[in-house]
Amino acid sequence: MSQHLSEQEILRRQKLQQLRDLGINPYPPEEFPVNATAADIKENYERDKINYKDIRIAGRIMSIRDMGKACFAVIQDATGRLQVYVRRDDICPGEDKSLYDTVWKKMLDIGDIIGLQGYVFTTKTGEISLHVTELKLLSKALRPLPIVKTDEEGNSFDEVSDPEFRYRQRYVDLIINPHVRDTFIKRTQIMTSIRQTLNNAGLLEVETPVLQSIPGGATARPFITHHNALNIPLYLRIANELYLKRLIVGGFEGVYEFAKDFRNEGMDRTHNPEFTVLEFYVAYKDYNWMMNFSEKLLEKVVTDLYGTTEVQCGDKTIDFKAPFKRVTMYEAIQEHTGFDVSGMDEAGLREVCHKLGIHVDAHMGKGKLIDEIFGEKCEGHYIQPTFITDYPVEMSPLTKKHRTAEGLVERFELMVNGKEIANAYTELNDPLDQRERFEDQLKLQERGDDEAMFIDHDFLRALEYGMPPTAGIGIGIDRLTMLLTNNAAIQEVLFFPQMRPEVTSSAQSEE
RNA sequence: GAUUCCGUAGCUCAGCCGGUAGAGCAUUACACUUUUAAUGUAAGGGUCCUGGGUUCGAAUCCCAGCGGGAUCACCA
């Protein structure tokens with residue numbers, strides 16, 4: 001395999017060999033114990049100077065400012081960046097100056113990972129720095145790292161902005177773009193905060209099958225695969241709802257799962273084929289309880305993350321202070337279109353869609369038409385967190401019928417910044433009603449709706465043993481993270497978003 | 001899947017009414033022992049995404065492909 005190397009790559013390989021010739025292992029096996037981090041030093045040095053006299057840190061060289069017999073460099077570790085000062089006569093106290101003149105100045109590059117020993121001091125320009133007394137190469141980098149420079153006002157120069165580069169080589173993106181790192185740390189903090197709240201509420205974190213023989217719990221095109229030993233088709237789950245409810249039947253009174261779900265559909269800035277949903281179910285509760293619980297949950301997540309309930313999102317400020325506004329779907333449509341669709345039949349709804357200029361298909365039923373009106377004319381208006389409640393029964397085959405309103409179900413969606421963040425129900429636990437709803441889905445399928453649900457007979461069997469009244473919710477973790485980190489693309493909150501495979505040089509030569 | 005824009009040095013980009021490739025940073029060499037987008041002087045570095053076509057001549061024009069972005073459709 002012939003690999004085309006750039007000038008800089010060839011040079012770095014030569015340096016690698018020269019280091020070996022000098023008896024220096026560019027990839028030493030032994031540990032390098034550290035006793036400080038960049039963030040720790042910058043945070044605590046000023047008030048605890050006595051304890052920063054014998055410091056060992058390790059990290060990647062991010063820049064070098066060479067002053068002749070002394071150098072300033074910037075080292076980056078997991079916590080941030082620290083300036084280090086390397087003076088020739090300090091790292092080479094004797095006659096032999098080769099460690100500085102040859103190794104440090106000629107053979108080390110930006111991107112190399114090094115270990116340092118020294119003492120912390122403040123430069124005359126006021127920057128807390130490490131005065132290096134010993135240095136050791138820990139890993140030689142063979143590819144040049146793109147350099148992003150930032151001036152005093154924080155303006156970035158030559159920031160790597162090509163999304164293809166950033167997503168395919170996320171490891172590089174993470175090294176050179178600190179705000180990318182921050183986004184992913186926040187993502188984990190969001191999940192940790194949710195986990196703590198749910199654990200404190202007595203819910204049990206569980207795992208349920210990713211490989212399912214019936215892809216239930218939602219309507220979407222699944223990925224299909226094949227199990228050799230059983231010689232059966234299996235689907236990657238599109239949801240875990242039906243399995244979590246089986247656990248409620250089994251006697252757990254509160255369960256949750258952060259689930260990777262998979263849907264074989266289009267990709268864009270809000271859709272990735274695999275994505276993460278938090279679902280949780282609590283027995284003996286209803287959707288009103290779930291609204292109260294989930295608004296407090298989100299308020300806490302945001303407060304844990306930012307110390308306030310307000311989040312900046314594009315040019316909007318969103319306040320997650322509970323309680324959130326609650327609007328029924330019919331009220332929302334009335335408010336934003338002027339039409340009262342509450343008593344309308346299918347023909348009436350088609351008429352309304354026509355007047356509003358909404359495109360509809362022949363196979364759309366009553367529920368789908370209402371959903372279409374809401375999606376086109378209402379959804380985008382709800383910037384501040386708002387619960388939209390009481391959906392038409394046709395669109396919600398797993399939801400209990402409304403306690404008072406005919407034709408509706410006890411369902412809500414949480415809208416934030418004009419988009420759906422969560423979807424919740426008073427769960428349908430009447431097994432005979434559930435069977436009828438599944439059969440209605442079959443009829444929709446026959447009518448041409450390719451999104452209708454599959455019938456899961458084992459799930460029906462489970463319900464026949466009796467499921468307590470239960471409230472359940474699904475929260476899109478990727479979208480929640482986008483919202484709380486001010487990112488407009490799902491690719492920005494997934495470490496490795498789905499991409500078309502690269503044509504590699506070895507694959508090319510095989511052809 | 002449809003429409004549209006983009007693909008030039010390690011990175012960010014210029015060049016495009018066709019005449020054989022440029023800048024800044026990065027790299028290399030020299031100078032400089034508290035600099036910080038360090039500085040000064042000099043140098044090297046390119047399958048101009050791939051393949052065809054038009055032409056005396058293509059980074060530039062045309063066609064096809066590959067990859068990416070945006071919008072739309074499907075969906076969370």
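Naming convention: chains lettered A, B, ... in sequence-line order (proteins, then strands); numbering from 1 in each chain.
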Just the rounded figure in Å: distance from [atom2] of [N] to [atom1] of [X].
X	N	atom1	atom2	value
A:Glu379	B:rA76	CD	P	11 Å
A:Lys106	B:rU27	NZ	C1'	13 Å
A:Asp90	B:rU34	CG	P	12 Å
A:Gln498	B:rA76	CD	C1'	17 Å
A:Ile10	B:rU28	CD1	P	14 Å
A:Leu398	B:rA76	CG	P	13 Å
A:Glu492	B:rG69	CD	P	11 Å
A:Asp151	B:rA38	CG	P	10 Å

What interatomic distance, in whole Å, is found between [atom1] of [M] and the corresponding atom of [N]?
N	M	atom1	value
B:rA29	B:rG69	P	39 Å
B:rG7	B:rC11	P	15 Å
B:rG44	B:rU50	P	25 Å
B:rC6	B:rC49	C1'	11 Å
B:rC56	B:rG51	P	23 Å
B:rG65	B:rU27	C1'	35 Å
B:rU55	B:rU60	P	16 Å
B:rC30	B:rU34	C1'	22 Å

Distance-only donor-acceptor check, side chains [X] and [Y], under 3.5 Å:
X	Y	value
A:Tyr167	A:Glu492	yes
A:Gln17	A:Asp21	yes
A:Arg65	A:Gln83	yes
A:Thr208	A:Arg237	yes
A:Tyr287	A:Asp390	yes
A:Thr470	A:Glu427	no

Pairing residues for A:Thr79 by the side chain to side chain contact (heavy atoms under 4.5 Å, CB included) criterion, not counting sequence neighbours:
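A:Thr79 satisfies side chain to side chain contact (heavy atoms under 4.5 Å, CB included) with A:Thr37, A:Ala38, A:Ala39, A:Asp77 once adjacent residues are dropped.
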
Would you call the rings of A:Phe223 and A:Phe262 parallel, tilted or perpendicular, taking 30° and 60° as the class edges?
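It falls in the perpendicular class, over 60°.
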
What I want to check is whether an N or O donor and acceptor connect the side chain of A:Arg88 with the base of B:rU33 at under 3.5 Å.
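Result: no qualifying N/O pair found.
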
State whether [X] places a side-chain N or O below 4.0 Å from either non-bridging phosphate oxygen (OP1 or OP2) of [N].
X	N	result
A:Arg269	B:rA70	yes
A:Arg500	B:rC66	no
A:Lys149	B:rG24	no
A:Lys124	B:rU35	yes
A:Arg65	B:rU35	no

Whom does [N] pair with, Watson-Crick or G-U wobble, provided both distances fall under 3.5 Å?
N	result
B:rU41	B:rA29
B:rG1	B:rC72
B:rG67	B:rC6
B:rG19	B:rC56

[X] side chain, from C-beta outward: closest of [options]:
X	options	result
A:Phe275	B:rG68, B:rA76, B:rU33	B:rA76
A:Ile110	B:rU28, B:rG68, B:rA26	B:rA26
A:Lys69	B:rU71, B:rU33, B:rA76	B:rU33

Verify, without hydrogens or angle tests, whether A:Asp89 (side chain) and A:Pro93 (backbone) share a donor-acceptor contact under 3.5 angstrom.
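No; zero donor-acceptor contacts below 3.5 Å.
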
Give [X] one of three labels, base, sugar-phosphate or nothing, depending on what nucleic acid heavy atoms sit under 4.0 Å from its own.
X	result
A:Asp268	base
A:Gly476	nothing
A:Arg168	sugar-phosphate
A:Asn264	nothing
A:Thr150	sugar-phosphate

Can you list every pair that meets ring-ring contact (aromatic ring centres under 6.0 Å, His included) and has a residue in residues 53-82 of chain A, with sequence neighbours left out?
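Counting only pairs at least two positions apart or across chains, the ring-ring contact (aromatic ring centres under 6.0 Å, His included) contacts touching residues 53-82 of chain A are A:Phe72-A:Tyr85.
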
Toward the 5' end of RNA chain B, by each residue's nearest nucleotide, A:Ala70 or A:Asp66:
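So the residue in question is A:Ala70.
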
Centroid under 5.5 Å and tilt under 30°, A:Phe157 to B:rA37:
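Yes, A:Phe157 stacks on the base of B:rA37.
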
Any chance you could list the contact pattern along nucleotides 3-13 of chain B? Use B for base contacts, S for sugar-phosphate-only contacts and - for none, protein heavy atoms under 4.0 Å, 5' to 3'.
-------BSS-

